[in-house]
Amino acid sequence: MFVWVLNCNMIATSLDVAVIRKDFPILKRKVNGYPLIYLDNAATSQTPKQVIDVIVDYYSNYNANIHRGVHALSQEATDRYEQARHKIQKHFNAAKPHEIIFTSGTTHSINLVANGFTTLLNKGDELLVSAMEHHSNIVPWQMLCERTGAILKVIPMNLEGELIMADYHSLLSPKTKLVFCNHVSNALGTINPIEEIIEAAHRVGSAVLIDGAQAAAHIKPDLRKLDVDFYTVSAHKICGPTGVGMLYGKEAWLNKLPPYQGGGEMIAEVSFEKTTYADLPHKFEAGTPNICGGIAFGAALDYMNQIGFDAIASYEHELLVYATEQLSQIKGLKIYGTAVHKTSVISFNIEGLHPYDIGTILDKLGIAVRTGHHCAQPIMDFYKIPGTVRASFSFYNTKKEIDVLVNGIKKAQSMLQ
Ligand code: PMP
């Protein structure tokens, strides 16, 4: 049995989940003749009608290109898009709206920063990456190392899926130029001690990028208080649409980085002799952005704030504790990722069974889970496993759904063994 620690600001607030579920049209559908039980929230969350309505309203009433039109629709779309940027700024407590760069999501955000550091690194500089990263927070940095001759070093983790902080502190040195780590691991659910990571990195003069893709659905980070240099989010994991997200960067850092892509919108003046670039945030927003997506990202934050992040975290923790207890009783089931601080993600395997086979049978019962390496192959190598089954819970899931999952796993077990 594991010991769980509630964050100090988690108050035991109950959610009216029956009412909340009515906001999500997709939860009414059936899959393979069974009511859908959606437990793949870490991959993408579902979208409430409040956000769908905003998308429909955009295309029905004011679809137009932004920032460059004098006509009413263009101005309306521009206003709504920039209002969304302010909403995002406020939510994450960034100091200035232009520190929020709209991107297509976390992958785009990380590549933007990795590209920018090409001109800022020298051969032999060191970058530190945590052992539990998603591929999108590994590969762009490896590519950066190839371009610059910088060296990538790994902060190891223990069997519980927690970073070994003593090793992190000894890896840090004046050679360290960048540290990158997820706030929450997608494969294990671990909440990393990012306050300590950021503070220690800053003491040796290193910048820090935190991948917030998995955290933003459960935690409302205060970026100014964290004093983080870069933070990334994908809207589709927080009840928003796919193909949009943000890069937060401190103004000083964003001014230091060169533009990532060239094109319309990101320029001040263009001539064949010389081009100058626009100010922040436009310098990093070349081309026509995902206008509707940006506006809907703002609406998704409104929706989640209306429910309240304390209430969400408290309820999801209850689901995590219940699911862990129930799943642990299944013979041969092993959970990977038992960190003291974790979100509502359970990665597991059953002795003698392949995760893919379990996932396939669960799907036949209308239960959506994810199987495989979860874009985190180094974690699977660490545990010497090909992959896991991952059930990830959101504030619209219920204990009853967890019971159905447990019965489904037992059924899969009896069919496969
Ligand atoms: N980092 C983490 C921790 C993730 O979970 C994901 C998505 N699975 C990503 C990065 C990449 O996000 P996106 O595909 O939205 O760019």
Side-chain angles (χ1 to χ4, degrees), residues 38-47 88 101-115 129-143 155 157 161-163 179-194 197 208-219 221 228 230-248 260-261 284 289-290 293-294 296-297 300-301 316 336-337 339 341-347 368-380 382 387-394:
Y38 188 78
L39 304 177
D40 194 19
N41 296 287
T44 218
S45 59
Q46 292 304 341
T47 318
I88 297 165
I101 310 294
F102 278 115
T103 63
S104 67
T106 294
T107 304
H108 178 184
S109 303
I110 295 173
N111 275 279
L112 189 161
V113 178
N115 181 74
V129 59
S130 101
M132 62 175 90
E133 294 308 302
H134 188 279
H135 296 162
S136 64
N137 205 17
I138 302 174
V139 184
W141 307 112
Q142 288 174 323
M143 291 160 75
I155 311 159
M157 67 179 199
E162 292 167 322
L163 291 177
V179 175
F180 25 94
C181 176
N182 54 41
H183 192 165
V184 169
S185 157
N186 63 311
L188 305 172
T190 310
I191 304 174
N192 282 310
I194 61 164
I197 288 171
V208 182
L209 178 143
I210 299 294
D211 167 357
Q214 287 296 328
H218 315 284
I219 298 165
V228 68
F230 302 100
Y231 195 92
T232 65
V233 173
S234 298
H236 69 96
K237 295 191 195 282
I238 48 169
C239 297
T242 55
V244 68
M246 72 145 195
L247 167 68
Y248 160 80
Y260 178 45
Q261 293 182 317
F284 292 110
N290 184 347
F297 181 1
L301 289 178
E316 288 178 345
Y336 297 89
H341 298 282
K342 67 178 277 193
T343 57
S344 46
V345 168
I346 302 186
S347 256
V369 291
R370 188 140 294 241
T371 62
H373 53 59
H374 317 299
C375 294
Q377 276 181 343
I379 297 182
M380 303 303 140
F382 174 77
T388 68
V389 182
R390 183 186 69 186
S392 48
F393 310 100
S394 182

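Owing to the predicted nature of the structure, the values given are computational and were not obtained by experimental measurement. Any value given below was found using the heavy atoms of this structure, including those in side chains, with hydrogens, waters and symmetry copies removed. When a ligand or atom number is given, it counts from 1 through the structure's own listing order.
- With ligand atoms numbered from 1 in the order given, ligand 1 contributes 10 (C), 12 (O), 16 (O) to contacts under 4.0 Å with heavy atoms of Thr106.
- The aromatic rings of His108 and Tyr260 lie tilted to each other, with the angle between the two planes from 30° to 60°.
- Contact annotation: Asp211 has at least one heavy atom less than 4.0 Å from an atom of ligand 1.
- Within the 6.0 Å centre-distance limit, the rings of His135 and His373 are counted as a close aromatic pair.
- When His236, Gln214, Lys237 are checked for heavy-atom proximity to atom 8 (N) of ligand 1, Lys237 turns out nearest.
- The shortest distance between side-chain heavy atoms of Arg390 and Asn186 falls below 4.5 Å.
- Contact check for Ser185 versus Ile379: side-chain heavy atoms found under the 4.5 Å cut-off.
- Ranking the protein heavy atoms by distance from atom 16 (O) of ligand 1 puts Thr107 OG1, 2.6 Å first.
- Residue Ser136 has at least one heavy-atom neighbour below 4.0 Å for each of these atoms of ligand 1: 1 (N), 9 (C), 10 (C), 11 (C).
- Between Phe102 and Phe297, the angle of the ring planes goes over 60°, which puts this pair in the perpendicular group of the 30/60° scheme.
- None of Thr388, Asp40, Asn41 except one satisfies the side chain to side chain donor-acceptor pair (under 3.5 Å) rule with Arg370; the exception is Asp40.
- His374 does not count as a contact of ligand 1, since none of its heavy atoms falls under 4.0 Å from the ligand.
- Below 3.5 Å of separation, one finds no N or O of Asn182 facing any N or O of ligand 1.
- Scanning all protein heavy atoms for the shortest distance to atom 4 (C) of ligand 1 gives His134 CD2, 3.4 Å.
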Apply side-chain contact (heavy atoms from CB on, under 4.5 Å) to the pair His183 and Tyr231, showing each step before the final yes or no. CA-CA 9 Å; His183 192 165; Tyr231 195 92; 2.8 Å; yes

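- Of all atoms in ligand 1, numbered sequentially from 1 with element shown, those under 4.0 Å from a heavy atom of Ser234 are 12 (O), 13 (P), 15 (O), 16 (O).
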